[in-house]
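This structure is a prediction, so every number in the text was calculated from the model and none was measured. Just so it is clear: chains get the letters A, B, ... in the order the sequence lines come, proteins before strands, and each one is counted from 1.
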Amino acid sequence: MTPAAPPSDFIREIVRGDQEAGRHGGRVHTRFPPEPNGYLHIGHAKSICLNFGVAADFGGWCNLRLDDTNPTKEDVEYVEAIMADVRWLGFDWHERMYFASDYFERLYEYAELLVREGKAYVDSLSADEIRAHRGTLTEPGRPSPYRDRPVEESLDLFRRMRAGEFPDGTHVLRAKIDMASPNINMRDPTLYRIRHAHHHRTGTAWCIYPTYDYAHPISDALEGITHSICTLEFEDHRPLYDWVIASTRPPATPQQIEFARLNLNYTVMSKRKLLALVEQRLVHGWDDPRMPTIAGLRRRGFTPESIRDFCLRIGVAKKENVVDIALLEHTLREDLNRRAPRAMAVLRPLKVVIENYPEGRVETVMAVNNPEDPGAGTREVPFSRELYIEQDDFMEEPAKKFFRLSPGAEVRLRYAYVITCTGVVKNEAGTITELQCTYDPESLSGETAARRVKGTLHWVSAAHAVAAEVRLYDRLFLSEDPEAGGRDPLSDLNPASLVRLPESRLEPSLAGVAAGTHYQFERQGYFCADPDTRAGAPVFNRAVTLKDAWARLSKRG
RNA sequence: UGGGGCGUGGCCAAGUGGUAAGGCGCGGGUCUUUGGCUCCCGUAUUCGAAGGUUCGAAUCCUUCCGCCCCAACCA
């Protein structure tokens with residue numbers, strides 16, 4: 001990884017300025033506040049790195065807070081996944097894990113205060129009527145007929161809302177701000193709504209739940225948050241955030257700062273759409289390796305280091321952005337190039353028989369585990385008369401600049417001998433089933449190996465190889481912007497986003513691989529053993545290919 | 001047509017009045033028993049546009065243009 005310059009962005013500038021000016025008593029305290037209504041994705045990783053990163057840079061802390069104010073969408077499954085993902089990314093909230101639901105009682109008390117002070121009222125209009133009264137972008141709203149209902153009446157109704165006397169939708173608590181505000185968020189926003197629903201933490205203790213706009217600023221204040229970092233779409237809510245703080249006078253005055261969320265091309269990033277993929281079984285769950293979720297990226301084979309590096313490199317600003325997925329792939333390659341041991345694996349096997357190699361003979365050749373890391377050592381790989389090479393590494397009629405095997409051509413088998421193709425065996429259908437070759441006994445690697453050959457192929461000894469399933473992943477969507485023009489991204493799925501190769505053959509050292517282990521399969525890419533791996537039956541996911549100059553060349557023609 | 005934001009190369013992104021960093025991508029070369037890696041070179045006479053201020057403007061002013069967000073009892 002690049003020895004990164006210390007991150008600097010407009011948020012850190014603000015925080016630095018605040019700290020130098022002694023605001024918030026010189027403290028810096030942030031929070032990462034996901035709603036537990038889905039799995040975290042790479043966009044959240046940007047926010048996590050920002051919030052934990054800012055706290056670390058300025059000697060402060062970052063809380064993990066689950067923003068669970070909507071019981072109908074939230075679930076403990078998500079809470080646990082969020083915790084696991086944040087930890088896996090390498091961040092630690094220590095003992096500071098909170099839930100907005102922890103504050104329900106305090107929130108309620110503040111709400112009564114607002115009612116008593118005439119800053120909030122119970123509205124008994126229906127949702128449709130409230131909408132009709134709200135006005136439009138260009139016309140002011142009209143006050144609800146209940147807006148000036150006596151404080152005592154509102155207080156009584158609010159208490160009875162809490163007591164469960166009313167069905168869903170019959171009343172809401174609204175802030176009394178300004179129905180004519182050009183900022184629609186200030187037109188008496190809803191603070192509490194009735195929801196007779198089971199909450200994943202408070203069960204049935206409550207049947208009224210605070211809205212985000214009300215709960216968030218107070219939750220921040222109660223935790224002593226100094227800088228409440230959120231995404232651009234909340235910019236319009238900042239006056240409301242400040243109004244809630246000013247009106248309820250909690251023990252701290254956090255300040256909201258907005259940045260542009262991450263977008264990646266060839267994928268979607270909203271939890272709603274990711275949920276649809278999962279629910280409609282278009283992927284195999286939230287941790288499907290094609291998903292941009294943290295869990296998916298992890299299963300795919302991404303490392304926390306590569307994701308953190310990615311987040312560092314994309315920067316933080318207020319401009320809407322669409323980052324090229326190639327940058328994410330680059331940070332993974334860069335990380336794994338340094339760290340991943342190499343191995344030989346034949347994904348689509350083509351049998352090779354070396355006709356002048358003695359039957360039954362087996363020799364072991366020495367292979368380097370990682371040329372980027374001399375400390376990684378070497379290993380032995382068995383070589384014999386019958387091998388497998390990659391189907392792609394043979395062309396009966398070689399294209400221009402094809403440096404691999406073809407009839408009459410010679411090629412080096414990595415760490416072993418130079419072979420020449422002398423014959424091609426086909427079945428009735430005309431499919432090539434086997435290659436006949438001869439080897440040059442004088443060409444063993446490391447000995448009389450000064451011979452220069454244009455191509456080097458990876459291979460595996462047929463009798464020693466480990467059978468494995470390899471899963472090749474490609475982008476989930478065909479288009480760079482799957483949602484372009486308001487189209488449904490689910491109609492843009494890449495039918496080839498997953499290709500299973502159940503007949504792959506690995507070098508024997510991979511036999512007992514543990515799930516989660518990374519390898520570079522030479523000449524092919526970085527792979528990670530999937531949790532589906534069983535003893536003697538490895539399953540590997542391709543996280544990312546190696547850069548492939550030949551692929552580019554041959555595409556050009 | 002109201003309000004809030006944003007416009008620097010294909011994609012990110014520095015730059016805060018002194019004469020356009022860096023990364024990815026792309027192209028070329030080097031090296032090579034991974035067509036990987038490394039290393040080298042190239043890739044914005046110009047900062048959405050037009051005026052203006054200034055010795056000097058991406059940075060200041062004016063006007064215009066474009067894009068995004070907001071009318072959930074979602075977050």
Looking at every strand, decide which applies to [X] at a 4.0 Å heavy-atom threshold: base, sugar-phosphate, or nothing.
X: Glu320(A); result: sugar-phosphate
X: Glu13(A); result: base
X: Thr69(A); result: sugar-phosphate
X: Gln520(A); result: base
X: Arg272(A); result: nothing
X: Phe234(A); result: base
X: Lys271(A); result: nothing
X: Val365(A); result: nothing
X: Thr136(A); result: base
X: Arg134(A); result: sugar-phosphate
X: Val172(A); result: base
X: Leu137(A); result: base
X: Leu173(A); result: nothing
X: Asn337(A); result: base

Whole-Å gap separating [atom2] ([N]) and [atom1] ([X]):
X: Arg333(A); N: G35(B); atom1: CZ; atom2: C1'; answer: 14 Å
X: Tyr121(A); N: C73(B); atom1: OH; atom2: P; answer: 12 Å
X: Leu546(A); N: U34(B); atom1: CG; atom2: P; answer: 12 Å
X: Tyr241(A); N: C70(B); atom1: OH; atom2: C1'; answer: 19 Å
X: Glu35(A); N: C74(B); atom1: CD; atom2: P; answer: 10 Å
X: Lys318(A); N: C6(B); atom1: NZ; atom2: C1'; answer: 9 Å

Trp550(A) over G35(B), stacked by centroid distance under 5.5 Å, angle under 30°: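 By the stated criterion, Trp550(A) and G35(B) stack.
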Arg65(A) with Asp220(A): basic N within carboxylate O range, under 4.0 Å: yes
Pair Arg31(A) + Glu223(A): basic N to acidic O under 4.0 Å: no
Side-chain H-bond candidate by donor/acceptor type, [X] with [Y], under 3.5 Å:
X: Asp481(A); Y: Ser479(A); answer: no
X: Ser144(A); Y: Arg174(A); answer: no
X: Glu77(A); Y: Tyr39(A); answer: yes

Nucleotide forming a Watson-Crick or wobble pair with [N], both distances under 3.5 Å:
N: U53(B); answer: none
N: U38(B); answer: none
N: C64(B); answer: G48(B)
N: U19(B); answer: none
N: U1(B); answer: none

Check: Trp550(A) ring centroid to Phe403(A) ring centroid under 6.0 Å: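 Between Phe403(A) and Trp550(A), which both carry aromatic rings, the centre distance is not below 6.0 Å.
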Could you tell me how far [M] sits from [N] if I compare only their [atom1] atoms? Round to whole Å.
N: U62(B); M: U54(B); atom1: C1'; result: 16 Å
N: G15(B); M: C60(B); atom1: P; result: 14 Å
N: C31(B); M: U19(B); atom1: P; result: 39 Å
N: A49(B); M: A58(B); atom1: C1'; result: 14 Å
N: G66(B); M: C73(B); atom1: C1'; result: 36 Å

Report yes if a side-chain nitrogen or oxygen of [X] is closer than 4.0 Å to either non-bridging phosphate oxygen (OP1 or OP2) of [N]; otherwise report no.
X: His330(A); N: C24(B); value: yes
X: Lys319(A); N: U8(B); value: yes
X: Arg193(A); N: C74(B); value: yes
X: Arg131(A); N: A72(B); value: yes

Arg201(A) and Glu74(A): CA distance, side-chain angles, deciding distance, salt bridge (Lys or Arg N to Asp or Glu O under 4.0 Å) verdict: CA-CA 10 Å; Arg201(A) 296 198 86 228; Glu74(A) 296 150 8; over 6 Å; no
